[in-house]
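The shown structure was predicted, so the numbers you read here are calculated from the model rather than taken from an experiment. Sequence lines set the chain letters: A, B, ... in the order given, protein chains first and strands last, and positions in each chain run from 1.
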Protein chains: 2
Amino acid sequence: MKPQTQKNTAMTTNSKIKALDRIDISILDTLQKEGRIANVDLAKKVNLSASPCIDRVKRLEKEGFIEGYGARLNSSKLGYGTAAFIQVTLDRTTSDVFDKFRDAVVQIPQVAECHMVAGGFDYLLKLRLPNMEAYRSILAKIVDLPGVAQTHTYVVIEQVKNDQGLPLKLHADASTPPAAG
Amino acid sequence: MKPQTQKNTAMTTNSKIKALDRIDISILDTLQKEGRIANVDLAKKVNLSASPCIDRVKRLEKEGFIEGYGARLNSSKLGYGTAAFIQVTLDRTTSDVFDKFRDAVVQIPQVAECHMVAGGFDYLLKLRLPNMEAYRSILAKIVDLPGVAQTHTYVVIEQVKNDQGLPLKLHADASTPPAAG
DNA sequence: CCATTTAACCGTATATAATTCTGCCAATGA
DNA sequence: TCATTGGCAGAATTATATACGGTTAAATGG
(Lines give C-alpha, C1' and ligand atoms only; values in the text may rest on other atoms or scores of the structure.)
Protein backbone atom coordinates (compact mmCIF):
# COMPACT_ATOMS: atom_id res chain seq x y z
CA MET A 1 0.00 0.00 0.00
CA LYS A 2 1.31 3.39 -0.99
CA PRO A 3 0.84 6.54 1.06
CA GLN A 4 -1.13 8.41 -1.67
CA THR A 5 0.48 11.75 -1.01
CA GLN A 6 -2.15 13.94 -2.73
CA LYS A 7 0.34 15.89 -4.79
CA ASN A 8 -2.11 17.60 -7.14
CA THR A 9 -0.66 20.59 -8.90
CA ALA A 10 -2.66 23.06 -10.98
CA MET A 11 -3.99 20.63 -13.55
CA THR A 12 -7.45 20.40 -14.98
CA THR A 13 -7.59 16.63 -15.04
CA ASN A 14 -6.22 14.31 -12.42
CA SER A 15 -4.50 12.06 -15.00
CA LYS A 16 -1.06 13.28 -15.95
CA ILE A 17 -0.65 14.27 -19.60
CA LYS A 18 2.89 14.70 -20.73
CA ALA A 19 4.01 16.93 -23.57
CA LEU A 20 4.15 15.39 -27.02
CA ASP A 21 7.53 14.52 -28.45
CA ARG A 22 8.42 14.34 -32.11
CA ILE A 23 7.42 10.70 -32.37
CA ASP A 24 3.94 11.50 -31.11
CA ILE A 25 3.65 14.31 -33.64
CA SER A 26 4.83 12.00 -36.37
CA ILE A 27 2.24 9.41 -35.38
CA LEU A 28 -0.53 12.01 -35.37
CA ASP A 29 0.58 13.40 -38.70
CA THR A 30 0.67 9.94 -40.24
CA LEU A 31 -2.68 8.90 -38.82
CA GLN A 32 -4.49 12.03 -39.95
CA LYS A 33 -3.40 11.20 -43.49
CA GLU A 34 -3.54 7.40 -43.36
CA GLY A 35 -5.99 6.59 -40.62
CA ARG A 36 -6.18 2.91 -41.44
CA ILE A 37 -2.46 2.20 -41.65
CA ALA A 38 -1.44 -1.04 -39.96
CA ASN A 39 0.31 -0.59 -36.66
CA VAL A 40 3.31 -2.52 -37.98
CA ASP A 41 3.71 -0.07 -40.85
CA LEU A 42 3.09 2.95 -38.65
CA ALA A 43 5.81 1.69 -36.31
CA LYS A 44 8.25 1.38 -39.20
CA LYS A 45 7.44 4.89 -40.35
CA VAL A 46 8.18 6.44 -36.98
CA ASN A 47 11.22 4.23 -36.33
CA LEU A 48 9.73 2.23 -33.50
CA SER A 49 8.80 -1.38 -32.96
CA ALA A 50 5.16 -2.39 -32.90
CA SER A 51 4.57 -2.51 -29.17
CA PRO A 52 5.66 0.98 -28.08
CA CYS A 53 3.97 2.34 -31.18
CA ILE A 54 0.57 0.97 -30.34
CA ASP A 55 1.05 2.06 -26.74
CA ARG A 56 1.52 5.61 -27.93
CA VAL A 57 -1.50 5.47 -30.23
CA LYS A 58 -3.65 4.21 -27.38
CA ARG A 59 -2.33 6.95 -25.15
CA LEU A 60 -3.01 9.64 -27.76
CA GLU A 61 -6.57 8.33 -28.09
CA LYS A 62 -7.10 8.16 -24.35
CA GLU A 63 -5.74 11.65 -23.77
CA GLY A 64 -8.00 13.07 -26.46
CA PHE A 65 -5.50 14.13 -29.08
CA ILE A 66 -7.12 11.62 -31.40
CA GLU A 67 -10.90 11.98 -31.27
CA GLY A 68 -11.74 9.26 -33.77
CA TYR A 69 -11.19 7.95 -37.25
CA GLY A 70 -13.19 8.41 -40.42
CA ALA A 71 -13.27 7.56 -44.08
CA ARG A 72 -12.89 10.46 -46.49
CA LEU A 73 -15.75 10.11 -48.95
CA ASN A 74 -16.07 11.58 -52.43
CA SER A 75 -18.87 14.08 -51.98
CA SER A 76 -19.54 14.57 -55.70
CA LYS A 77 -20.01 10.86 -56.32
CA LEU A 78 -22.34 10.62 -53.35
CA GLY A 79 -24.69 13.38 -54.37
CA TYR A 80 -23.17 16.36 -52.58
CA GLY A 81 -21.17 18.03 -55.30
CA THR A 82 -22.32 21.58 -54.56
CA ALA A 83 -21.30 23.71 -51.60
CA ALA A 84 -22.48 27.13 -50.45
CA PHE A 85 -21.83 29.52 -47.61
CA ILE A 86 -24.63 31.49 -46.02
CA GLN A 87 -24.14 34.50 -43.81
CA VAL A 88 -26.92 34.84 -41.29
CA THR A 89 -27.85 37.91 -39.27
CA LEU A 90 -30.27 37.52 -36.39
CA ASP A 91 -32.89 40.14 -35.59
CA ARG A 92 -31.88 40.41 -31.95
CA THR A 93 -28.71 39.44 -30.16
CA THR A 94 -30.18 38.11 -26.95
CA SER A 95 -28.94 34.75 -25.74
CA ASP A 96 -32.45 33.37 -26.02
CA VAL A 97 -32.55 34.09 -29.74
CA PHE A 98 -29.08 32.65 -30.22
CA ASP A 99 -29.91 29.44 -28.41
CA LYS A 100 -33.08 28.83 -30.41
CA PHE A 101 -31.32 29.47 -33.69
CA ARG A 102 -28.47 27.11 -32.83
CA ASP A 103 -30.74 24.33 -31.66
CA ALA A 104 -32.65 24.54 -34.92
CA VAL A 105 -29.74 24.91 -37.31
CA VAL A 106 -27.76 21.92 -36.05
CA GLN A 107 -30.74 19.70 -36.87
CA ILE A 108 -30.52 20.40 -40.59
CA PRO A 109 -28.40 17.64 -42.14
CA GLN A 110 -27.31 19.75 -45.10
CA VAL A 111 -25.71 22.26 -42.74
CA ALA A 112 -22.19 20.87 -42.57
CA GLU A 113 -20.78 23.69 -40.49
CA CYS A 114 -22.16 26.53 -38.41
CA HIS A 115 -19.84 29.11 -36.94
CA MET A 116 -20.69 32.03 -34.73
CA VAL A 117 -18.52 34.87 -35.97
CA ALA A 118 -17.51 38.41 -35.07
CA GLY A 119 -17.14 41.00 -37.81
CA GLY A 120 -20.44 42.10 -39.34
CA PHE A 121 -23.00 39.34 -39.15
CA ASP A 122 -23.77 36.60 -36.65
CA TYR A 123 -23.41 33.13 -38.15
CA LEU A 124 -21.62 31.62 -41.10
CA LEU A 125 -23.06 28.37 -42.40
CA LYS A 126 -21.53 25.91 -44.82
CA LEU A 127 -23.97 23.80 -46.80
CA ARG A 128 -23.53 20.59 -48.74
CA LEU A 129 -26.02 20.11 -51.55
CA PRO A 130 -26.65 17.84 -54.52
CA ASN A 131 -27.24 20.77 -56.88
CA MET A 132 -28.58 24.30 -57.11
CA GLU A 133 -32.17 23.19 -57.06
CA ALA A 134 -31.69 21.80 -53.60
CA TYR A 135 -30.40 25.18 -52.52
CA ARG A 136 -33.78 26.82 -52.89
CA SER A 137 -35.55 24.56 -50.45
CA ILE A 138 -32.72 24.72 -47.93
CA LEU A 139 -32.64 28.50 -48.02
CA ALA A 140 -36.37 28.54 -47.38
CA LYS A 141 -35.75 26.45 -44.28
CA ILE A 142 -32.99 28.70 -43.06
CA VAL A 143 -34.81 32.02 -43.44
CA ASP A 144 -37.65 30.47 -41.43
CA LEU A 145 -35.33 29.56 -38.58
CA PRO A 146 -36.08 31.40 -35.31
CA GLY A 147 -34.55 34.88 -35.13
CA VAL A 148 -33.21 35.11 -38.68
CA ALA A 149 -33.33 38.69 -39.97
CA GLN A 150 -31.36 38.41 -43.19
CA THR A 151 -29.09 36.08 -45.12
CA HIS A 152 -26.57 36.31 -47.91
CA THR A 153 -25.39 33.35 -49.94
CA TYR A 154 -22.07 32.66 -51.60
CA VAL A 155 -22.09 29.66 -53.89
CA VAL A 156 -18.81 27.79 -54.23
CA ILE A 157 -17.66 27.72 -57.83
CA GLU A 158 -14.43 25.86 -57.23
CA GLN A 159 -12.76 24.24 -54.25
CA VAL A 160 -9.19 25.45 -54.51
CA LYS A 161 -8.14 23.83 -51.25
CA ASN A 162 -9.88 21.67 -48.67
CA ASP A 163 -7.38 20.35 -46.16
CA GLN A 164 -8.97 18.65 -43.23
CA GLY A 165 -5.63 17.89 -41.64
CA LEU A 166 -3.74 20.08 -39.21
CA PRO A 167 -0.32 21.37 -40.32
CA LEU A 168 1.65 19.55 -37.64
CA LYS A 169 5.29 20.53 -37.45
CA LEU A 170 7.69 17.63 -37.49
CA HIS A 171 10.65 18.93 -35.53
CA ALA A 172 14.10 17.53 -36.05
CA ASP A 173 14.80 17.36 -32.34
CA ALA A 174 12.60 16.09 -29.57
CA SER A 175 13.30 18.88 -27.10
CA THR A 176 10.81 21.38 -28.49
CA PRO A 177 7.35 19.84 -28.32
CA PRO A 178 4.83 22.08 -30.10
CA ALA A 179 1.88 21.09 -27.97
CA ALA A 180 1.00 19.93 -24.50
CA GLY A 181 -2.07 18.71 -22.69
CA MET B 1 -8.18 -13.89 -76.31
CA LYS B 2 -11.62 -12.34 -76.15
CA PRO B 3 -13.23 -10.53 -79.08
CA GLN B 4 -13.31 -7.15 -77.25
CA THR B 5 -16.69 -6.14 -78.62
CA GLN B 6 -16.29 -2.36 -77.96
CA LYS B 7 -19.70 -1.97 -76.39
CA ASN B 8 -19.08 1.38 -74.72
CA THR B 9 -22.23 3.14 -73.66
CA ALA B 10 -22.28 6.72 -72.40
CA MET B 11 -19.96 6.22 -69.45
CA THR B 12 -17.09 8.39 -68.39
CA THR B 13 -14.82 5.55 -67.34
CA ASN B 14 -14.38 2.26 -69.09
CA SER B 15 -14.66 0.24 -65.87
CA LYS B 16 -18.24 -0.58 -65.00
CA ILE B 17 -19.46 1.02 -61.80
CA LYS B 18 -22.75 -0.22 -60.52
CA ALA B 19 -25.18 1.80 -58.47
CA LEU B 20 -24.80 1.63 -54.73
CA ASP B 21 -27.29 -0.45 -52.78
CA ARG B 22 -28.32 0.09 -49.20
CA ILE B 23 -25.52 -2.12 -47.88
CA ASP B 24 -22.93 0.01 -49.65
CA ILE B 25 -24.48 3.15 -48.19
CA SER B 26 -24.50 1.56 -44.78
CA ILE B 27 -20.83 0.66 -45.12
CA LEU B 28 -19.93 4.18 -46.21
CA ASP B 29 -21.95 5.72 -43.41
CA THR B 30 -20.30 3.48 -40.84
CA LEU B 31 -16.81 4.02 -42.17
CA GLN B 32 -17.09 7.79 -42.27
CA LYS B 33 -17.91 7.71 -38.56
CA GLU B 34 -15.73 4.77 -37.47
CA GLY B 35 -12.97 4.60 -40.01
CA ARG B 36 -10.92 2.09 -38.07
CA ILE B 37 -13.67 -0.38 -37.30
CA ALA B 38 -12.60 -4.01 -37.75
CA ASN B 39 -13.94 -5.66 -40.87
CA VAL B 40 -15.54 -8.37 -38.73
CA ASP B 41 -17.51 -5.78 -36.78
CA LEU B 42 -18.40 -3.79 -39.86
CA ALA B 43 -19.72 -7.00 -41.42
CA LYS B 44 -21.90 -7.66 -38.38
CA LYS B 45 -23.24 -4.11 -38.49
CA VAL B 46 -24.34 -4.39 -42.11
CA ASN B 47 -25.61 -7.97 -41.74
CA LEU B 48 -22.99 -9.62 -43.89
CA SER B 49 -20.19 -12.08 -43.36
CA ALA B 50 -16.61 -10.90 -43.40
CA SER B 51 -15.69 -11.84 -46.95
CA PRO B 52 -18.36 -10.04 -48.98
CA CYS B 53 -18.00 -7.10 -46.64
CA ILE B 54 -14.31 -6.60 -47.31
CA ASP B 55 -14.98 -7.14 -51.01
CA ARG B 56 -17.41 -4.25 -50.97
CA VAL B 57 -15.05 -1.99 -49.04
CA LYS B 58 -12.27 -2.72 -51.53
CA ARG B 59 -14.64 -2.01 -54.38
CA LEU B 60 -15.79 1.28 -52.85
CA GLU B 61 -12.17 2.29 -52.45
CA LYS B 62 -11.25 1.28 -55.97
CA GLU B 63 -14.21 3.07 -57.51
CA GLY B 64 -13.36 6.25 -55.65
CA PHE B 65 -16.30 6.53 -53.28
CA ILE B 66 -13.81 6.18 -50.44
CA GLU B 67 -10.85 8.46 -51.03
CA GLY B 68 -8.93 7.60 -47.90
CA TYR B 69 -9.02 7.39 -44.13
CA GLY B 70 -7.90 9.83 -41.49
CA ALA B 71 -7.73 10.37 -37.76
CA ARG B 72 -9.84 13.20 -36.38
CA LEU B 73 -7.48 15.25 -34.25
CA ASN B 74 -8.33 17.67 -31.48
CA SER B 75 -7.30 21.00 -32.98
CA SER B 76 -7.35 22.92 -29.69
CA LYS B 77 -5.02 20.48 -27.99
CA LEU B 78 -2.65 20.60 -30.95
CA GLY B 79 -2.29 24.34 -31.10
CA TYR B 80 -5.00 25.27 -33.58
CA GLY B 81 -7.83 26.37 -31.35
CA THR B 82 -8.72 29.52 -33.29
CA ALA B 83 -10.43 29.69 -36.67
CA ALA B 84 -11.18 32.62 -38.95
CA PHE B 85 -12.75 33.22 -42.34
CA ILE B 86 -11.31 35.76 -44.75
CA GLN B 87 -13.13 37.14 -47.73
CA VAL B 88 -10.75 38.09 -50.51
CA THR B 89 -11.42 40.33 -53.48
CA LEU B 90 -8.90 40.43 -56.31
CA ASP B 91 -8.05 43.61 -58.16
CA ARG B 92 -8.69 42.13 -61.57
CA THR B 93 -10.63 39.10 -62.65
CA THR B 94 -8.37 37.81 -65.38
CA SER B 95 -7.49 34.13 -65.32
CA ASP B 96 -3.85 35.02 -64.96
CA VAL B 97 -4.50 36.83 -61.68
CA PHE B 98 -6.68 33.98 -60.43
CA ASP B 99 -4.06 31.36 -61.20
CA LYS B 100 -1.29 33.22 -59.43
CA PHE B 101 -3.42 33.83 -56.37
CA ARG B 102 -4.46 30.19 -56.16
CA ASP B 103 -0.95 28.86 -56.56
CA ALA B 104 0.22 31.10 -53.74
CA VAL B 105 -2.65 30.59 -51.33
CA VAL B 106 -2.58 26.80 -51.36
CA GLN B 107 1.03 26.92 -50.18
CA ILE B 108 0.12 28.55 -46.88
CA PRO B 109 -0.32 25.74 -44.33
CA GLN B 110 -2.66 27.75 -42.12
CA VAL B 111 -5.13 28.09 -44.99
CA ALA B 112 -7.30 25.06 -44.36
CA GLU B 113 -9.81 25.83 -47.09
CA CYS B 114 -9.98 28.13 -50.09
CA HIS B 115 -13.18 28.42 -52.07
CA MET B 116 -13.80 30.45 -55.17
CA VAL B 117 -17.28 31.88 -54.71
CA ALA B 118 -19.93 33.80 -56.57
CA GLY B 119 -21.90 36.50 -54.82
CA GLY B 120 -19.89 39.61 -54.04
CA PHE B 121 -16.23 38.80 -53.58
CA ASP B 122 -13.87 36.28 -55.12
CA TYR B 123 -12.45 33.84 -52.55
CA LEU B 124 -13.42 32.65 -49.14
CA LEU B 125 -10.60 31.31 -46.99
CA LYS B 126 -10.78 29.35 -43.79
CA LEU B 127 -7.80 29.65 -41.49
CA ARG B 128 -6.63 27.53 -38.59
CA LEU B 129 -4.56 29.40 -36.04
CA PRO B 130 -3.06 28.92 -32.59
CA ASN B 131 -4.39 32.28 -31.35
CA MET B 132 -5.21 35.82 -32.40
CA GLU B 133 -1.59 36.86 -32.42
CA ALA B 134 -0.91 34.42 -35.19
CA TYR B 135 -3.71 36.03 -37.17
CA ARG B 136 -1.81 39.26 -37.67
CA SER B 137 1.14 37.66 -39.42
CA ILE B 138 -1.07 35.46 -41.56
CA LEU B 139 -3.20 38.39 -42.68
CA ALA B 140 -0.03 40.23 -43.65
CA LYS B 141 0.88 37.28 -45.85
CA ILE B 142 -2.53 37.15 -47.46
CA VAL B 143 -2.83 40.84 -48.33
CA ASP B 144 0.57 40.53 -50.00
CA LEU B 145 -0.58 37.66 -52.17
CA PRO B 146 -0.63 38.43 -55.94
CA GLY B 147 -3.76 40.27 -57.06
CA VAL B 148 -5.36 40.84 -53.66
CA ALA B 149 -7.33 44.10 -53.60
CA GLN B 150 -9.15 43.86 -50.29
CA THR B 151 -9.97 41.44 -47.50
CA HIS B 152 -12.47 41.15 -44.70
CA THR B 153 -12.06 38.86 -41.72
CA TYR B 154 -14.63 37.07 -39.61
CA VAL B 155 -13.22 35.48 -36.49
CA VAL B 156 -14.98 32.38 -35.26
CA ILE B 157 -16.24 32.85 -31.72
CA GLU B 158 -17.92 29.47 -31.39
CA GLN B 159 -18.14 26.35 -33.50
CA VAL B 160 -21.81 25.44 -33.30
CA LYS B 161 -21.51 22.57 -35.74
CA ASN B 162 -18.64 21.01 -37.65
CA ASP B 163 -19.76 17.82 -39.35
CA GLN B 164 -17.23 16.42 -41.73
CA GLY B 165 -19.47 13.52 -42.68
CA LEU B 166 -21.99 13.42 -45.48
CA PRO B 167 -25.66 12.94 -44.53
CA LEU B 168 -26.05 9.61 -46.29
CA LYS B 169 -29.60 8.34 -46.44
CA LEU B 170 -30.03 4.79 -45.26
CA HIS B 171 -33.00 3.56 -47.27
CA ALA B 172 -35.16 0.74 -46.05
CA ASP B 173 -35.25 -0.93 -49.45
CA ALA B 174 -32.42 -1.58 -51.86
CA SER B 175 -34.26 -0.56 -55.01
CA THR B 176 -33.67 3.17 -54.73
CA PRO B 177 -29.94 3.79 -54.67
CA PRO B 178 -29.23 7.47 -54.01
CA ALA B 179 -25.99 7.62 -55.96
CA ALA B 180 -24.24 6.06 -58.92
CA GLY B 181 -20.82 6.25 -60.51
C1' DC C 1 31.00 9.62 -9.14
C1' DC C 2 28.17 5.65 -8.31
C1' DA C 3 23.77 3.28 -6.95
C1' DT C 4 18.91 3.27 -7.52
C1' DT C 5 14.81 4.12 -9.68
C1' DT C 6 11.97 4.96 -13.56
C1' DA C 7 10.47 4.89 -18.13
C1' DA C 8 10.68 3.50 -22.59
C1' DC C 9 12.05 0.23 -25.74
C1' DC C 10 12.59 -4.38 -28.17
C1' DG C 11 11.54 -9.26 -29.32
C1' DT C 12 8.68 -13.14 -28.58
C1' DA C 13 4.39 -15.64 -27.94
C1' DT C 14 -0.45 -15.81 -28.20
C1' DA C 15 -4.86 -14.20 -29.62
C1' DT C 16 -7.43 -11.96 -33.01
C1' DA C 17 -8.44 -10.36 -37.44
C1' DA C 18 -7.72 -10.03 -42.50
C1' DT C 19 -7.73 -12.34 -46.65
C1' DT C 20 -8.10 -16.09 -49.86
C1' DC C 21 -10.40 -20.11 -51.54
C1' DT C 22 -14.19 -23.27 -52.35
C1' DG C 23 -18.75 -24.38 -52.85
C1' DC C 24 -23.69 -23.01 -52.51
C1' DC C 25 -27.83 -20.47 -53.68
C1' DA C 26 -30.70 -17.15 -56.08
C1' DA C 27 -31.65 -14.36 -59.89
C1' DT C 28 -31.42 -13.82 -64.93
C1' DG C 29 -31.91 -15.02 -69.60
C1' DA C 30 -32.12 -18.45 -73.29
C1' DT D 1 -36.11 -26.11 -67.75
C1' DC D 2 -31.29 -25.40 -67.94
C1' DA D 3 -27.10 -22.67 -68.16
C1' DT D 4 -24.89 -18.66 -66.58
C1' DT D 5 -23.78 -15.03 -63.57
C1' DG D 6 -23.13 -12.70 -59.29
C1' DG D 7 -23.04 -12.56 -54.60
C1' DC D 8 -22.78 -14.89 -50.25
C1' DA D 9 -21.16 -17.97 -46.29
C1' DG D 10 -17.78 -20.69 -44.08
C1' DA D 11 -13.20 -22.76 -43.64
C1' DA D 12 -8.25 -22.41 -44.06
C1' DT D 13 -4.30 -19.64 -44.31
C1' DT D 14 -1.75 -15.61 -43.64
C1' DA D 15 -0.96 -11.43 -41.38
C1' DT D 16 -1.60 -8.37 -37.65
C1' DA D 17 -2.65 -6.81 -32.95
C1' DT D 18 -1.69 -7.24 -28.32
C1' DA D 19 0.21 -8.80 -23.91
C1' DC D 20 4.44 -10.21 -21.51
C1' DG D 21 9.21 -10.31 -19.93
C1' DG D 22 13.72 -8.82 -20.26
C1' DT D 23 17.12 -4.94 -21.44
C1' DT D 24 18.91 -0.45 -21.84
C1' DA D 25 19.27 4.41 -21.02
C1' DA D 26 18.29 8.42 -18.57
C1' DA D 27 17.21 10.80 -14.42
C1' DT D 28 17.49 11.15 -9.41
C1' DG D 29 19.65 11.05 -4.97
C1' DG D 30 23.38 9.82 -1.93
Side-chain angles (χ1 to χ4, degrees), chain A residues 1-5 7 9 11 14-28 30-31 34-63 65-66 68-71 171-177 179-181, chain B residues 2-5 7 9 11 14-28 30-31 33-63 65-66 68-69 71 171 173-177 179-181:
Chain A
M1 287 278 189
K2 290 198 180 165
Q4 192 83 5
T5 38
K7 214 171 143 188
T9 54
M11 287 180 75
N14 50 5
S15 61
K16 48 196 167 184
I17 296 183
K18 305 200 342 189
L20 302 180
D21 63 15
R22 72 180 182 84
I23 298 178
D24 291 321
I25 297 296
S26 184
I27 287 173
L28 292 174
T30 303
L31 284 179
E34 300 173 64
R36 239 185 154 172
I37 189 174
N39 182 55
V40 184
D41 299 330
L42 177 62
K44 254 177 244 167
K45 198 159 200 166
V46 302
N47 298 317
L48 232 56
S49 72
S51 12
C53 185
I54 203 166
D55 286 348
R56 279 170 183 262
V57 172
K58 288 282 154 65
R59 180 171 58 82
L60 291 168
E61 288 170 356
K62 194 179 157 199
E63 291 175 352
F65 293 100
I66 298 171
Y69 300 87
H171 299 265
D173 82 299
S175 60
T176 54
Chain B
K2 288 198 179 165
Q4 192 85 2
T5 39
K7 211 173 145 187
T9 54
M11 286 179 73
N14 52 5
S15 61
K16 48 195 167 186
I17 296 182
K18 306 202 337 188
L20 303 180
D21 64 13
R22 72 180 182 84
I23 299 178
D24 292 321
I25 298 296
S26 184
I27 287 173
L28 291 174
T30 303
L31 283 180
K33 290 166 187 154
E34 300 174 64
R36 242 187 151 171
I37 189 175
N39 182 57
V40 183
D41 299 330
L42 176 63
K44 256 178 243 166
K45 197 159 200 167
V46 302
N47 298 318
L48 231 57
S49 73
S51 18
C53 184
I54 203 166
D55 286 348
R56 280 170 182 262
V57 172
K58 287 282 154 65
R59 180 171 59 82
L60 292 167
E61 289 170 356
K62 195 180 156 197
E63 291 175 353
F65 294 100
I66 298 171
Y69 300 87
H171 300 265
D173 82 298
S175 61
T176 55

- Taking all atoms of both residues into account, what is the closest heavy-atom pair of Val57(A) and Ile66(A), and its distance? O-CD1, 4.4 Å
- Approximate separation, where rounding is to 0.5 Å, of Leu42(A) CG and Arg36(A) CZ: 15.0 Å
- nucleotides 13-20 of chain C: protein proximity per nucleotide (B base, S sugar-phosphate only, - neither; heavy atom, under 4.0 Å): ----SSBB
- Message: Just N and O in the side chain of Arg56(A): are any of them under 4.0 Å from OP1 or OP2 of dA8(C)?
- Response: no
- Considering all heavy atoms of both residues, which atom of Tyr69(B) and which atom of Gly35(B) are nearest to each other, and what is their separation? CD2-O, 3.8 Å
- Search all heavy atoms of Leu60(B) against all heavy atoms of Ile27(B) and return the closest pair with its distance. CD1-CG2, 3.9 Å
- Query: Quick one: are Glu63(B) and Asp24(B) in side-chain contact, heavy atoms under 4.5 Å?
  - Reply: no
- Residue pair Ala50(B) / Asn39(B): nearest heavy atoms and the distance that separates them: O-ND2, 3.1 Å
- Quick one: Leu48(A) CG to dA17(D) C1', roughly how many Å, whole number? 15 Å
- When rounded to whole Å, the CZ to C1' distance for the pair Arg59(B) and dC8(D) reads 14 Å
- Could you give the CG-to-P distance, from Asp21(B) to dA26(C), as a whole number of Å? 19 Å
- Rounded to whole angstroms, how far apart are CD1 on Ile23(B) and C1' on dA9(D)? 13 Å
